[in-house]
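Notes follow once the structure below has been shown.
Note: hydrogens, waters and symmetry copies are ignored here, and every other heavy atom, side chains too, is used.
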Amino acid sequence: MRVKFLGGAGEVGRAAVLVKTAAGSVLFDYGVNFDQQGRPVFPEHVRPKDLVGVVLSHAHLDHSGALPSLYVSVKTPIYATPLTMELSDVMYTDMIKLSGYYLPYTHEEVKATMESAIPLTYGEPVELAPDVTLTVYNAGHVPGSAVSVLEAEGRAVVFTGDFNLRDTALLRGADVYNLPREPDVVVMEATYAAADHPPRQDLEKDFVNVVREVVEGGGTVLIPSFALGRAQEVLLTLVKYGVGPIYVDGLARQVNTIVDKYPHLLNDYGLYRKALEAAVEIPSAYVRKKAVGQEPAVIISPAGMLKGGASLYYFKRLAGDGKNAIILPSFQAPDTPGFEVLSKGEAFVDGSAIRVKARVEWFDFSAHSGRSELVEFIEHFGVNSRVVLFHTEPSSALQFARWMRTRGRDNLYVPLSAGEELEL
């Protein structure tokens, strides 16, 4: 058995890991990154006819965005939770609308991708091929996300995708207790190998206090959010503490509706229903204009880094007033307007620089495990299990691996570039 890193090695995102078995290869995720011009960057190519199956951990584009490119002629089975596939369909449609010129697939390939889906249920094994069995468990990252256990040739491989061990307003933490104690290899994301997240309860209270201050002072709060996961988490947190009024715009509206169909996957469905009933959806440009400036309010809207979407509309209208606030609840990548707002107090948008007079805040609502949780996860497994850190910045991962050796864990490996292979 061999493990090949087609993407996600020495980088955050573009996740794609190929596990080669005697019965055929299994592909875990097939995502994209984006260059400075917003063009998608794909993982290394894999021949669809060599695959016995594709396993999709969740619907974020850095794990799923390249997948339809494999469905031009061959329909390899895709194994994922039904919620992940339904959300992926929406994400692909949005990606084609924004980046279609650069994509090697169209709606036709997306349709073929959806038709190839085989639904997974947490905890129920599925046979992909003779002597190749897959079981998935809740990953705690976004609704429908899964940690996988692949068993083949008498060996076991754990693949995390993205995962979070801690409960949030939206989701229960990952079901680590279901994972084998002595797998041969654990391929795990280590996005936050260098940093811990603040305690969620403290984070929520600080966030809500800032929002209340601005709204009670007569201002409007813009919260640019990723449509899947972050928008729902922020919405639930606001409703949990009785903050409002709240408007929701963009792709987050569709995601809210889809997630609502899967109450058993949520941490507190009663809170989720309350949040959907409290939020006012913005379905059109006409309503969007009315939402700005009419009354103090909170607006949740993609895109999370101010790279497009309705959040840019609100940003241009709210940034110049000191009564308002721009609250960023997510990591902001360099060369994005969100990063410029945080680092320079201005952003270059639609050909002109916008100076931000509004209050600017950042809160770490991450849905990834922090450094302490990564340690806890690794120590769930025996010392003979090989642990591979991918989907991470290389220097942080290598430093983390060196530190783990001082704790008696010397079986860590950090792939540094696409194409690297690991033989078991």
Item to check | Audit row: Thr84, His58, side chain to side chain donor-acceptor pair (under 3.5 Å) steps and yes/no | outcome: CA-CA 5 Å; Thr84 288; His58 66 287; over 6 Å; no

Next on the checklist: Using salt bridge (charged side-chain N to carboxylate O under 4.0 Å, His left out), reason through Glu420 and Lys4 one step at a time and then give a plain yes or no.
Outcome noted: CA-CA 6 Å; Glu420 286 191 36; Lys4 183 175 183 179; over 6 Å; no

Checklist entry - Rounded to the nearest 0.5 Å, what separation is found between the OG1 atom of Thr220 and the CZ atom of Arg317? => result 13.5 Å

Checklist entry - Below 4.0 angstrom, N of the basic side chain to O of the carboxylate: do Arg371 and Glu376 qualify? => result no

Next on the checklist: For a side chain to side chain contact (heavy atoms under 4.5 Å, CB included) check, start with the C-alpha distance between Val239 and Leu235, then their side-chain angles and the critical distance, and finish with the verdict.
Outcome noted: CA-CA 6 Å; Val239 171; Leu235 172 60; 4.1 Å; yes

Checklist entry - Taking the side chain from Asn324 and the backbone from Leu318, do they hold a donor-acceptor pair closer than 3.5 Å? => result yes

Checklist entry - Does Leu266 offer a backbone N or O that forms a donor-acceptor pair with the side chain of Arg172 under 3.5 Å? => result yes

Checklist entry - What's the verdict on side chain to side chain donor-acceptor pair (under 3.5 Å) for Asn164 and His141, showing C-alpha distance, side-chain angles and the deciding distance? => result CA-CA 5 Å; Asn164 183 23; His141 176 61; over 6 Å; no

Item to check | From CA spacing to verdict: side chain to side chain donor-acceptor pair (under 3.5 Å), Ser396, Glu393 | outcome: CA-CA 6 Å; Ser396 297; Glu393 198 274 326; 3.1 Å; yes

Checklist entry - Is a side-chain donor or acceptor of Arg253 paired with a backbone partner of Ile282 at a separation under 3.5 angstrom? => result yes

Checklist entry - Within the side chain of Ser352, is there an N or O that forms a donor-acceptor pair under 3.5 Å with the backbone of Phe348? => result no

Checklist entry - Are Asp321 and Lys357 close enough for a salt bridge, meaning some N to O gap below 4.0 Å? => result no

Item to check | Spatial distance of atom OH (Tyr192) from atom OG (Ser372) [nearest 0.5 Å] | outcome: 14.5 Å

Item to check | Residues Asp89, Glu86; criterion side chain to side chain contact (heavy atoms under 4.5 Å, CB included); working and verdict | outcome: CA-CA 5 Å; Asp89 198 8; Glu86 198 167 344; 5.9 Å; no

Checklist entry - Passes side chain to side chain contact (heavy atoms under 4.5 Å, CB included), Val248 versus Val280? Steps please. => result CA-CA 6 Å; Val248 178; Val280 177; over 6 Å; no

Next on the checklist: Determine whether a donor-acceptor pair (N or O, by modelled atom type, separation under 3.5 Å) exists between the side chain of Ser225 and the backbone of Ala227.
Outcome noted: no

Checklist entry - Between Leu171 and Pro143, what is the shortest heavy-atom contact and its length? => result CD1-N, 3.6 Å

Checklist entry - Any donor and acceptor pair, going by atom type alone, linking the side chain of Arg39 with main-chain N or O of Tyr102 inside 3.5 Å? => result no

Next on the checklist: Looking at Glu44, I want to see if its CD is surrounded by more than 12 non-hydrogen atoms of other residues, nucleotides or ligands under 6.0 Å.
Outcome noted: yes

Item to check | Whether Phe390 and Phe159 hold their rings parallel, tilted or perpendicular, with breakpoints at 30° and 60° | outcome: tilted

Next on the checklist: Can you confirm if the aromatic rings of Phe207 and Phe363 lie within a centre distance of less than 6.0 Å?
Outcome noted: yes

Checklist entry - Would you find a donor on one side and an acceptor on the other, under 3.5 Å apart, between the side chain of Trp362 and the backbone of Pro329? => result no

Next on the checklist: By the definition side chain to side chain contact (heavy atoms under 4.5 Å, CB included), identify the one residue from Leu389, Thr160, Thr392, Val12 that meets it with Glu189.
Outcome noted: Thr160

Checklist entry - Thr76 side chain to Pro48 main-chain N or O, any donor-acceptor pair under 3.5 Å? => result yes

Next on the checklist: Determine whether the aromatic ring centres of residues Phe163 and His368 are separated by less than 6.0 angstrom.
Outcome noted: no

Item to check | Asp162 and His60: CA distance, side-chain angles, deciding distance, side chain to side chain donor-acceptor pair (under 3.5 Å) verdict | outcome: CA-CA 10 Å; Asp162 292 340; His60 279 155; 4.9 Å; no

Next on the checklist: salt bridge (charged side-chain N to carboxylate O under 4.0 Å, His left out) for Asp62 and Arg14? Distances and angles first, verdict last.
Outcome noted: CA-CA 5 Å; Asp62 62 333; Arg14 200 168 67 125; over 6 Å; no

Checklist entry - Is the Tyr269 ring parallel, tilted or perpendicular to the Tyr272 ring (thresholds 30°, 60°)? => result parallel

Checklist entry - Salt bridge or not for Lys316 and Asp350, using N-O below 4.0 Å? => result yes

Item to check | Reported CZ-to-CG distance for the pair Phe42 and Leu6, which is rounded to 0.5 angstrom | outcome: 13.5 Å

Next on the checklist: Looking at Thr81 and Gly144, would you say the former's side chain and the latter's main chain have a donor-acceptor pair under 3.5 Å?
Outcome noted: yes

Checklist entry - Going from OH on Tyr92 to NE2 on His107, what distance comes out if it is rounded to the nearest 0.5 angstrom? => result 13.5 Å

Checklist entry - Are there more than 12 heavy atoms of other residues, nucleotides or ligands under 6.0 Å from atom CD of Glu108? => result no

Next on the checklist: Test your reading of the model: is there a side-chain donor-acceptor pair from Glu216 to the backbone of Glu213, 3.5 Å cut-off?
Outcome noted: no

Item to check | Basic-acidic side-chain contact under 4.0 Å: Arg273, Glu277 | outcome: yes

Checklist entry - Below 4.0 angstrom, N of the basic side chain to O of the carboxylate: do Arg200 and Glu233 qualify? => result yes

Checklist entry - After noting the C-alpha distance and the side-chain angles of Ile378 and Val186, does the key distance pass the side chain to side chain contact (heavy atoms under 4.5 Å, CB included) rule? => result CA-CA 9 Å; Ile378 291 170; Val186 179; over 6 Å; no

